[in-house]
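Read the structure below first, then the notes.
A note on names: the letters A, B, ... follow the listed sequences, proteins ahead of strands, and every chain is numbered from 1.
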Amino acid sequence: MKLPEATNFIEQIINEELEAGKFESTGNEIHVRFPPEPNGYLHIGHVKAMCINFGVKEKYHGTLNLRMDDTNPAKEDYEYVNSIVDAVKWLGFEYDKLVFASDYYDRLYEIAEKYILDGNAYVCDLSAEEITATRGTLTEAGKESPYRGRSVEENLKLFREMKAGKYPDGAKVLRAKIDMTSPNVNMRDPIIYRIARVPHYRTGGKWCIYPMYDFAHPVSDAIEGITHSLCSLEFENHRPLYNWFVEKAGFPAPRPRQIEFARLNITNTLMSKRYLKKLVDEGFVSGWDDPRMPTIMGLKNRGVPPVALKKFCADVGVAKAYSVVNQAQLDSCIRDELNANAERAMAVINPVKLTVTNYTGEEELDFEINPTKEDGGTRKVKFTGSVYIDREDFSLNPPPKYKRLQKGGTVRLKGAYIVRCDDVKLNKNGEVEEIFCTYFPETRSGSTTPCEVKAKGVVQWVDCKHGVDAEFRQYEPLLKDEEYPDQDYAERLNKNSLKKFFGKAEPYLAESEDNKPFQLMRTGYYKKCTDGGLILSEIVSLKDNFNK
RNA sequence: UGGGGUGUCGCCAAGCGGUAAGGCACGGGAUUUUGAUUCCCGCAUUCGUAGGUUCAAAUCCUGCCACCCCAGCCA
């Protein structure tokens with residue numbers, strides 16, 4: 001069989017297994033899953049996990065289940081499952097089936113009884129504190145529970161009574177009978193089921209006992225016929241347990257194999273759901289979809305194209321080494337994508353009026369919609385000689401290498417003419433109120449006749465008569481100076497640090513009306529942004545000088 | 001101090017015994033009606049460290065060092 005080329009260590013493992021014929025009995029089909037818990041919104045860290053899983057699915061023509069890992073009813077809700085499905089779809093990933101761990105509650109219960117029948121599980125009456133106390137420490141072995149020796153019959157009776165609601169919350173748990181002296185703490189008789197009278201968003205009040213992740217996850221994988229269960233590094237210690245639960249449940253080979261990879265970290269970005277929730281709950285941001293948030297919805301609102309996110313994950317790669325990726329790497333992917341595909345538009349954020357004194361009438365100019373494209377098309381922009389330019393594009397005291405407009409200097413109004421500044425009108429405070437220029441007709445954009453007049457720079461503008469107002473919001477970046485924020489940083493967050501916000505100044509947050517991101521045309525904009533000096537801006541609705 | 005992992009350029013990351021890919025960042029130059037883009041050119045004699053095996057080691061062996069994860073009835 002022809003094996004696809006592996007681009008990371010996970011695919012390498014899969015190739016080796018395929019080569020060894022591990023999956024011949026099941027037709028060499030590869031099955032993966034993406035298993036978020038519906039207890040919050042997906043963020044860019046999840047995009048990496050999705051890229052890996054969906055990447056395997058596509059490469060091996062396998063199947064992928066989007067599985068809601070909903071075994072803790074206290075935190076889960078439909079609100080989150082809907083947002084997850086939306087996010088996956090927005091990213092353009094196609095899953096084969098949407099499944100829920102809660103779909104398997106009956107089957108999971110049966111398997112738990114099998115564990116009991118096989119002498120692999122027992123009901124334990126110890127309190128939570130007692131269990132913790134007898135678990136031992138990292139260096140000392142744990143002590144066996146006094147209930148460990150209960151007969152199969154007694155365990156079965158007790159477990160059924162647990163299910164039937166005979167005992168209060170926390171009174172009993174079902175435990176796996178493994179090894180209290182294991183150096184791996186996870187193997188010291190972990191809990192399989194706990195009693196919790198919490199209504200589940202899907203099963204309602206049907207159950208008062210709920211399975212734990214360590215049991216439910218591997219068994220759900222096995223039930224679905226998952227071949228590769230890809231998860232993050234912190235589950236490495238759980239792998240022996242994962243295998244134990246699958247084997248003792250009696251699933252035949254090939255059994256699912258858990259493979260761990262390093263999760264995504266980005267400088268200046270907090271990635272944990274818990275802290276993102278804190279930002280939302282305490283009003284630091286307007287919501288999970290606030291454009292400063294690293295959530296998928298936040299990124300979307302910032303105007304980040306999905307393919308840029310995928311490109312970023314591909315660039316970052318998959319490995320097992322702990323790492324923190326520079327935000328510049330993400331920015332670069334976004335800029336690349338926007339540069340190649342975004343429609344160009346001119347916008348003036350901080351306007352000052354510029355009047356061309358020797359121009360009369362009105363004309364239509366042609367603008368390329370995307371100059372990087374062979375035939376990106378053009379649009380018409382009306383020009384009347386009376387325009388707004390950005391205050392930053394004019395200077396009374398220009399710094400040494402200033403390339404934009406100054407008194408007596410020339411500049412090209414993008415797509416129009418070169419103008420020379422003759423005079424400036426100041427207000428009482430000495431601020432520029434209006435700029436007066438003369439234009440040179442022979443410098444009209446696109447003109448082939450050579451002319452003497454040269455411009456130092458190019459400046460964008462919006463026509464006073466035909467330009468349209470846009471609503472504009474600005475944000476200050478959060479975590480400006482924190483290289484990589486540790487968890488303490490989030491703890492330190494309080495109302496006083498409100499001026500520090502999430503994310504960094506970047507030019508990609510504007511969206512045009514049809515939701516297509518476009519590149520904001522500002523001279524030097526990118527440069528300034530990468531210096532970290534600019535504030536994050538969001539154009540809420542923008543109608544520039546397109547003539548529709 | 002137990003167990004499980006990881007250490008290759010400022011940041012990611014290939015490499016799997018034959019003499020250090022690539023991306024981001026950075027520096028220099030050219031083109032440019034976005035100080036953007038594009039385009040060249042430069043950027044690890046060295047792979048945590050100390051030994052060993054070998055004609056040959058980032059790759060194999062041994063010791064050491066550093067960092068991460070694990071003691072939820074969370075996932």
query = Once you round it to whole Å, what is the distance between C1' of B/A13 and CD1 of A/Ile10?
reply = 15 Å

inquiry  = If you go through the side-chain atoms of A/Glu140, does one of them form a donor-acceptor pair with the base of B/G2 closer than 3.5 Å?
reply    = no

request  = Starting from the 5' end of RNA chain B, give me the residue, A/Asp336 or A/Lys48, whose nearest nucleotide shows up first.
outcome  = A/Lys48

inquiry  = If I take atom NZ in residue A/Lys320 and atom P in nucleotide B/C16, what distance separates them, rounded to the nearest angstrom?
reply    = 19 Å

inquiry  = Measuring only the P atom in each nucleotide, how far is B/U31 from B/G22? A whole number of Å is fine.
reply    = 27 Å

key: Pair partner, B/C55 [Watson-Crick or wobble, under 3.5 Å]   = B/G18

inquiry  = What is the separation between atom CG on A/Asn339 and atom C1' on B/U32, rounded to the nearest whole Å?
reply    = 13 Å

key: Syn or anti for B/G10 (syn when the glycosidic angle lies within 90° of 0)   = anti

query = Separation of A/Glu16 atom CD from B/C16 atom P, in whole Å?
reply = 13 Å

task = Please state how far atom CZ in A/Phe312 lies from atom C1' in B/C12, giving the value in whole angstrom units.
result = 9 Å

task = Name the nucleic acid region contacted by A/Arg444, choosing base, sugar-phosphate or nothing; use a 4.0 angstrom heavy-atom cut-off, strictly under.
result = base

request  = Kindly indicate whether the side chain of A/Thr372 and the base of B/U37 share any N or O donor-acceptor pair separated by less than 3.5 Å?
outcome  = no

query = Can you check whether A/Tyr41 and A/Tyr80 have ring centres sitting under 6.0 Å from each other?
reply = yes

request  = Quick one: label A/Gly446 by what it contacts on the DNA or RNA (base, sugar-phosphate, nothing), any heavy atom closer than 4.0 Å.
outcome  = base

request  = Counting heavy atoms from C-beta on, name the nucleotide in B/G23, B/A13, B/G2 closest to the side chain of A/Ser323.
outcome  = B/A13

ask   = With rounding to whole Å, what would you report as the distance between B/C47 and B/U19 at their C1' atoms?
value = 13 Å

inquiry  = Between A/Gln12 and B/G15, is there a contact of a side-chain N or O with OP1 or OP2 at under 4.0 Å?
reply    = yes

ask   = Do A/Arg412 side-chain atoms and A/Thr443 backbone N/O form a donor-acceptor pair below 3.5 Å?
value = yes

query = Closest to the A/Glu236 side chain: B/G7, B/G4, B/U37?
reply = B/G4

key: Between B/U32 (P) and A/Lys414 (NZ): distance, integer Å   = 14 Å

request  = Quick one: look up who B/C73 pairs with, Watson-Crick or G-U, both distances under 3.5 Å, and put none if it's unpaired.
outcome  = none

inquiry  = For A/Tyr213 and A/His238, which I'm curious about, is there any donor-acceptor pair between the side chains at under 3.5 Å?
reply    = no

request  = Please check if the side chain of A/Tyr439 supplies one atom and the backbone of A/Gly385 the other of a donor-acceptor pair under 3.5 Å.
outcome  = no

ask   = Looking at side-chain heavy atoms only, is the closest gap between A/Lys48 and A/Ile44 below 4.5 Å?
value = no

request  = Could you give the distance separating B/G4 and B/U8 at their C1' atoms, to the nearest angstrom?
outcome  = 23 Å

task = Can you tell me, in whole Å, how much space there is between the P of B/C24 and that of B/C39?
result = 11 Å

Base partner of B/A50, which must satisfy Watson-Crick or wobble distances under 3.5 Å = B/U62

A/Trp461 side chain reached by A/Asp393 side chain, heavy atoms, under 4.5 Å = no

message = For a quick check under 3.5 Å, do A/Ser229 and A/Arg33 share a side-chain donor-acceptor pair by atom type?
response = yes

query = Which is true for A/Gly457 with a 4.0 Å heavy-atom rule: it touches a base, it touches only sugar-phosphate, or it touches nothing?
reply = nothing

message = Can you tell me which nucleotide in B/A25, B/U33, B/C11 comes closest to the side chain of A/Ala328?
response = B/A25

B/A50 versus B/U59 - spacing of their P atoms, nearest Å = 13 Å

key: Residue matched to B/C9 through Watson-Crick or wobble contacts both under 3.5 angstrom   = none

message = When the P atoms of B/A56 and B/A71 are compared, how many Å lie between them, rounded to an integer?
response = 48 Å

request  = Specify the closest pair of heavy atoms between A/Val411 and A/Val458, including all atoms of both residues, with the distance to one decimal.
outcome  = CG2-N, 4.0 Å

note = Checking B/C24, B/C11, B/U33 against the side chain of A/Ser332 (C-beta onward), the nearest is B/C24

query = Do the ring centers of A/Phe235 and A/Tyr242 come within less than 6.0 Å of each other?
reply = no

task = Using the C1' atom as the reference point in each nucleotide, state the distance between B/A13 and B/A25 in Å, no decimals.
result = 14 Å

inquiry  = Tell me the interatomic distance from A/Arg335, atom CZ, to B/G23, atom P, rounded to whole angstroms.
reply    = 15 Å

task = Determine the Euclidean distance between corresponding P atoms of B/U46 and B/C41; express it in Å to zero decimal places.
result = 25 Å

ask   = In B/S/- notation, 5' to 3', how is nucleotides 69-75 of chain B contacted by protein heavy atoms closer than 4.0 Å?
value = BBBSBSB

A/Met180 backbone acceptor or donor facing A/Lys143 side chain under 3.5 Å = no

ask   = A/Asn370 CG to B/A36 P: how many Å, rounded?
value = 17 Å

